[in-house]
Protein chains: 2
Amino acid sequence: MNMNEAIDLLKNKGYKTTGKRKDILTFFEQADGYRTAKDLIQHLESTYEGISFDTVYRNLHLYNELGILETTELNGEKHFRMKCTHHHHHHFICKDCGKTKEIDVCPMEEVTKRLANYDIEGHKFEIYGVCPACQTV
Amino acid sequence: MNMNEAIDLLKNKGYKTTGKRKDILTFFEQADGYRTAKDLIQHLESTYEGISFDTVYRNLHLYNELGILETTELNGEKHFRMKCTHHHHHHFICKDCGKTKEIDVCPMEEVTKRLANYDIEGHKFEIYGVCPACQTV
DNA sequence: TTTACAAATCGTAATCATTACGGTATTATA
DNA sequence: TATAATACCGTAATGATTACGATTTGTAAA
């Protein structure tokens, strides 16, 4: 998902494309990794002083519902990033900068075989650590 | 990890084995799956009316540090279960009853190869859904 | 078995992320 | 440009978790 696809999606669904909505998309497009609501608020404050929590969280939820953003929970805080739409994969997540690296390994085919009578609704596979750019040594 | 191992560990480390601590262990031993702090408080209330949040959370953290419990974050709430100490594996987690099923599949060997310059500190692989016992059909 | 003291607990307040809401402003489009 | 639906603001409420001074309790030495 990118900026233009997201804006088209908003328009097609009848949502208004406000300046704040565009700026939120730009923020995540440039982030290239996971960011929190707090990160976003801090970023938006420079342009929109006193922006409301309501606006931020409402739009994060909207984008999540529309499949513009994907989310994960780390350290008791929700993190968001632009949704990867091209093919199924997982992520290494850098705990310092939040940037992600695609991992094209998924063991679900094998796992599904072993859970014959289970109703599988989803799965999560994430690798945590420090990316090369953030290593101080 | 089981009740007796946990109590021995507490004693060896110089922690006191109070009635509440034992009851918390019993609760998780019988749970056979993930439970929240709220679940635990509700259970303890029947024996210890007005038990303090401090007591509950302090002991959950202690048990987590000592490797008696393991934890995961679901729906914005921390969930705890007795730690599996025998060998490395992952879990299917039933969203209705919290019970888990061991999954002896872990793709980390392959993943490690693909993250040569990355400092890997941990990973999470969980499968979510409904277990056979909770399926209403 | 008392005593002494560190550890554990209580009762409650504070914190942090998130959600909710009534009133106002803005956007899309007719 | 008028209109109505949508978005936003300012702020209060919620829910999980953390924190803290005062009090109680286990443990082990005397």
Side-chain angles (χ1 to χ4, degrees), chain A residues 6-27 34-66 68-81 98, chain B residues 6-27 34-66 68-81 98:
Chain A
I7 289 177
D8 285 350
L9 184 60
L10 282 176
K11 286 186 176 159
N12 291 340
K13 296 265 183 176
Y15 292 101
K16 296 177 180 168
T17 53
T18 65
K20 293 184 183 85
R21 289 216 164 123
K22 286 180 196 162
D23 283 7
I24 293 174
L25 291 173
T26 305
F27 174 74
Y34 281 103
R35 294 288 180 273
T36 64
K38 206 195 300 170
D39 293 334
L40 177 58
I41 289 170
Q42 193 175 332
H43 172 80
L44 292 174
E45 274 284 346
S46 63
T47 312
Y48 309 98
E49 199 184 318
I51 188 164
S52 173
F53 288 150
D54 190 283
T55 303
V56 171
Y57 283 104
R58 187 168 24 74
N59 284 317
L60 286 174
H61 286 155
L62 175 65
Y63 286 177
N64 190 44
E65 269 173 33
L66 294 179
I68 293 170
L69 295 179
E70 57 185 298
T71 179
T72 192
E73 212 162 317
L74 301 170
N75 309 121
E77 218 172 335
K78 274 175 198 128
H79 289 59
F80 302 84
R81 60 159 288 146
Chain B
I7 289 177
D8 286 349
L9 184 59
L10 281 176
K11 285 187 176 159
N12 291 339
K13 296 263 183 179
Y15 291 100
K16 295 178 180 167
T17 54
T18 65
K20 293 184 183 85
R21 289 215 164 124
K22 286 181 196 162
D23 283 7
I24 293 173
L25 291 173
T26 305
F27 174 74
Y34 282 102
R35 294 290 180 273
T36 65
K38 206 195 301 169
D39 293 334
L40 176 58
I41 288 170
Q42 193 175 332
H43 171 79
L44 292 174
E45 272 285 347
S46 62
T47 312
Y48 309 98
E49 200 184 318
I51 188 164
S52 172
F53 288 149
D54 191 283
T55 303
V56 172
Y57 282 103
R58 188 169 21 76
N59 284 317
L60 286 173
H61 287 153
L62 175 65
Y63 286 177
N64 190 44
E65 270 171 34
L66 293 179
I68 293 169
L69 296 178
E70 57 187 298
T71 178
T72 192
E73 212 163 318
L74 301 170
N75 309 121
E77 219 171 335
K78 274 174 199 128
H79 289 59
F80 303 84
R81 60 158 288 145

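Computed over heavy atoms, backbone and side chain alike; hydrogens, waters and symmetry mates excluded. Convention: sequence-line order gives letters A, B, ...; per-chain numbering from 1. Every value quoted in this text rests on a predicted model; they were computed, and no experiment measured them.
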Would you please confirm or rule out a distance under 4.0 Å between OP1 or OP2 of [N] and any side-chain N or O of [X]?
X     : N      : result
B:R58 : C:dA8  : no
B:N59 : C:dT9  : yes
B:T55 : C:dC10 : yes
B:T17 : C:dA8  : no
A:K20 : D:dA7  : no
A:H61 : C:dT18 : no

So, [X] side chain and [Y] main chain: donor-acceptor pair closer than 3.5 Å or not?
X     : Y     : result
A:N64 : A:L60 : no
B:T71 : B:H79 : yes
A:E73 : B:G76 : yes

Nearest to the side chain of [X], which nucleotide is it out of [options]?
X     : options               : value
A:D54 : D:dA7, D:dG10, D:dA16 : D:dG10
A:K78 : C:dT18, D:dC8, C:dA8  : C:dT18
A:Y57 : C:dT18, C:dT9, D:dA7  : C:dT18

Within the structure shown, what part of the strands sits under 4.0 Å from [X] by heavy-atom distance: base, sugar-phosphate, or nothing?
X     : result
A:T36 : nothing
A:R21 : sugar-phosphate
A:F53 : base
B:G50 : sugar-phosphate

In whole angstrom, what separates [X]'s [atom1] from [N]'s [atom2]?
X     : N      : atom1 : atom2 : answer
A:E77 : C:dT19 : CD    : P     : 12 Å
A:K13 : D:dT6  : NZ    : P     : 14 Å
A:K11 : C:dT27 : NZ    : P     : 13 Å
B:K22 : C:dA8  : NZ    : C1'   : 14 Å
B:E73 : C:dT18 : CD    : P     : 10 Å
A:Y15 : D:dA7  : OH    : C1'   : 12 Å
A:L10 : C:dA28 : CG    : P     : 11 Å
B:N64 : D:dT18 : CG    : C1'   : 15 Å

- Message: Students often mix this up, so state it plainly: with edges at 30° and 60°, are the rings of B:H61 and B:Y57 parallel, tilted or perpendicular?
- Response: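 Rings of B:H61 and B:Y57: tilted, 30 to 60°.
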
- Starting from the 5' end of DNA chain D, give me the residue, B:K16 or B:H79, whose nearest nucleotide shows up first. B:H79

- Is the closest side-chain donor-acceptor distance between B:D39 and B:T36 under 3.5 Å?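 Result is yes, a qualifying pair exists.
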
- For the student: nearest non-hydrogen atoms of B:L66 and B:L10, plus distance: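 Looks like CD1-CD2, 3.7 Å.
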
- Give a yes or no on whether a donor-acceptor pair under 3.5 Å exists between the nucleobase atoms of C:dG11, that is its base, and the side chain of B:S52.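 Between C:dG11 and B:S52, which were checked side chain against base, a qualifying N/O pair under 3.5 Å is present.
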
